[in-house]
2 protein chains.
Amino acid sequence: MSDNDQSLPNAAASMSNSNCGDALPPVGQHTRQYETVRNAHETELIEDYVELIGDLIRHRGEARAADIANRMGVSQATVSKMIRRLNELGLVTSKPYRSLFLTEEGQKMAEISRTRHDIVLHFLRALGVNDNTARIDAEGMEHHVSDETLTIMQRFIDQHAKR
Amino acid sequence: MSDNDQSLPNAAASMSNSNCGDALPPVGQHTRQYETVRNAHETELIEDYVELIGDLIRHRGEARAADIANRMGVSQATVSKMIRRLNELGLVTSKPYRSLFLTEEGQKMAEISRTRHDIVLHFLRALGVNDNTARIDAEGMEHHVSDETLTIMQRFIDQHAKR
DNA sequence: AATAATTGTTAGCCAAGGCTAAACTGTTTG
DNA sequence: CAAACAGTTTAGCCTTGGCTAACAATTATT
């Protein structure tokens with residue numbers, strides 16, 4: 001392997017270890033960053049479905065596959081397949097041709113997702129981002145925001161709410 | 001279809017249209033949100049590769065498949081396959097068994113990605129997020145932040161830099 | 001009650017992005 | 001210079017998450 005970080009008298013060597021400019025991070029750390037993103041990726045869609053199902057139940061009283069397909073902009077077949085997965089993962093219960101319910105665990109996940117989503121959304125709005133853009137960005141960002149950052153965002157919201 | 005937004009005397013009807021609480025957005029808008037995320041998804045990985053290749057070239061003088069695999073935490077076979085894709089997309093040029101180069105377009109993409117990445121990272125740090133966390137979050141968030149939000153983040157950084 | 005319309009499921013296809021194992025190339029070194 | 005080693009590629013497999021088309025069940029309409 002040629003990436004051992006000690007052998008090269010390069011930019012990295014001549015700047016403080018706070019990475020002020022933008023040297024490459026050490027390999028281990030870098031790898032972990034990408035890994036975190038890949039992992040988030042795997043759960044992202046699941047969380048989106050569960051969150052949406054939760055929202056539909058809360059706002060419409062029930063979650064039906066057609067509504068999900070409609071809102072996700074995806075075919076019913078795709079939704080049907082996904083629901084089978086959610087079932088296997090123990091996140092929803094469903095009888096064929098009936099509407100869906102979240103399991104305990106599913107509810108927990110929906111709750112967490114929704115909270116995260118809301119914090120990110122409110123944060124963006126508090127920052128001054130236009131509503132429509134904020135919604136779009138929040139949808140994409142929510143799965144990549146750590147608890148630490150979330151806490152800070154919440155603090156920011158609180159500070160800017162007392163206007 | 002059962003999702004027509006007018007027929008239900010529901011929560012949405014009884015609150016201001018600024019969606020203050022958290023009613024479901026209108027179907028069309030909601031669909032567009034998910035679509036945007038799905039699209040981002042497709043380009044995300046590509047951008048990460050291109051950005052990393054650019055960084056490797058800048059900091060080490062060259063980008064070799066082994067380094068990429070190493071930093072991404074992925075097998076060399078995966079990288080090799082990906083490079084073929086990048087080639088087809090006209091983002092890199094490569095001769096077998098030699099190191100990689102970015103095309104004009106690839107350089108442009110790397111540049112844009114890097115800029116975005118940096119803004120998000122600096123923004124998070126300016127917000128008060130711990131360095132390590134900021135790096136991880138930035139890696140995930142960068143592909144989901146609109147230009148509008150990016151501009152606002154940049155403004156925020158500028159305001160908080162003059163300490 | 002019979003039929004039409006809507007909704008849900010299944011089967012089978014595709015591309016992307018992982019992997020391992022095996023083959024091949026280039027470089028280093030004994 | 002030949003062998004060993006490091007780096008690269010290829011082949012072939014797997015899972016996910018899309019799709020369409022065909023079929024099945026439920027619900028609505030006449």
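Chain identifiers are assigned alphabetically (A, B, ...) following the order of the sequence lines, protein sequences preceding nucleic acid strands; residue numbering begins at 1 within each chain. Below, each value reflects all heavy atoms present in this structure, side chains not excepted, and no hydrogens, waters or symmetry copies.
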**Study point:** Rounded distance (Å) that lies between atom C1' of D:dG17 and atom CD of A:Glu47
**Key:** 16 Å
Review point. Nearest-Å distance, CZ (B:Arg84) to P (C:dA15)?
Key: 14 Å
Practice item. Using only side-chain N and O atoms of A:Thr78, determine if any of them is under 4.0 Å from OP1 or OP2 of D:dG17. Key: no
Review point. Would you say the side chain of A:Met72 lies within less than 4.5 Å of the side chain of A:Met82, judging by non-hydrogen atoms?
Key: no
Review point. What do you reckon, are the aromatic ring centroids of B:His41 and A:His41 less than 6.0 Å apart?
Key: yes
Practice item. Whole angstrom is fine here: how far is it from OH in A:Tyr49 over to P in D:dT16? Key: 14 Å
Practice item. Take the protein atom CD of A:Glu42 and the nucleotide atom P of D:dT16, then report the distance between them rounded to whole Å. Key: 8 Å
Check your understanding: What nucleic acid atoms does B:Ala77 come within less than 4.0 Å of, heavy atoms only: base, sugar-phosphate, or nothing?
Key -> base
Exercise for review: For A:Asp67 and C:dT6, give me the distance from atom CG to atom C1', rounded to whole Å.
Suggested key: 12 Å
Study note, to complete from the structure: note: B:Tyr34, atom OH; D:dG18, atom C1'; distance rounded to Å ~ 17 Å
Review point. Has B:Arg85 got a side-chain N or O lying under 4.0 Å from the OP1 or OP2 atom of C:dG17?
Key: yes
Check your understanding: Considering only heavy atoms from C-beta outward, does the side chain of B:Leu150 approach that of B:Gln154 to under 4.5 Å?
Key -> no
Practice item. Pick base, sugar-phosphate or nothing for B:Leu45, based on heavy-atom distances below 4.0 Å to the nucleic acid. Key: sugar-phosphate
Review point. OP1 or OP2 of D:dC19 less than 4.0 angstrom from a side-chain nitrogen or oxygen of A:Ser75, does that happen here?
Key: yes
Check your understanding: Taking the side chain of B:Arg64 as heavy atoms from C-beta outward, which of C:dG8, D:dT10, D:dG7 is closest to it?
Key -> D:dG7
Check your understanding: B:Pro96 or B:His41: which one's nearest nucleotide on DNA chain C is closer to the 5' end?
Key -> B:His41
Check your understanding: Do B:Ile83 and B:Leu102 share a hydrophobic cluster, counting only Ile, Leu, Val, Met, Phe, Trp and Tyr and linking them when any side-chain heavy atoms are less than 4.5 Å apart?
Key -> yes
Point to revise | For atom CD1 of B:Ile46 and atom P of C:dA16, their distance in whole Å | key: 9 Å
Study note, to complete from the structure: When rounded to whole Å, the CZ to C1' distance for the pair A:Arg98 and C:dT9 reads 15 Å
Practice item. For residues B:Glu142 and B:Glu51, determine if any side-chain heavy atom of one lies less than 4.5 Å from a side-chain heavy atom of the other. Key: yes
**Study point:** Of B:Lys81 and B:Ala63, the one whose closest DNA chain D nucleotide lies more 5'
**Key:** B:Ala63
Exercise for review: Indicate, with a heavy-atom threshold strictly under 4.0 Å, whether B:Val79 touches base, sugar-phosphate, or nothing.
Suggested key: nothing
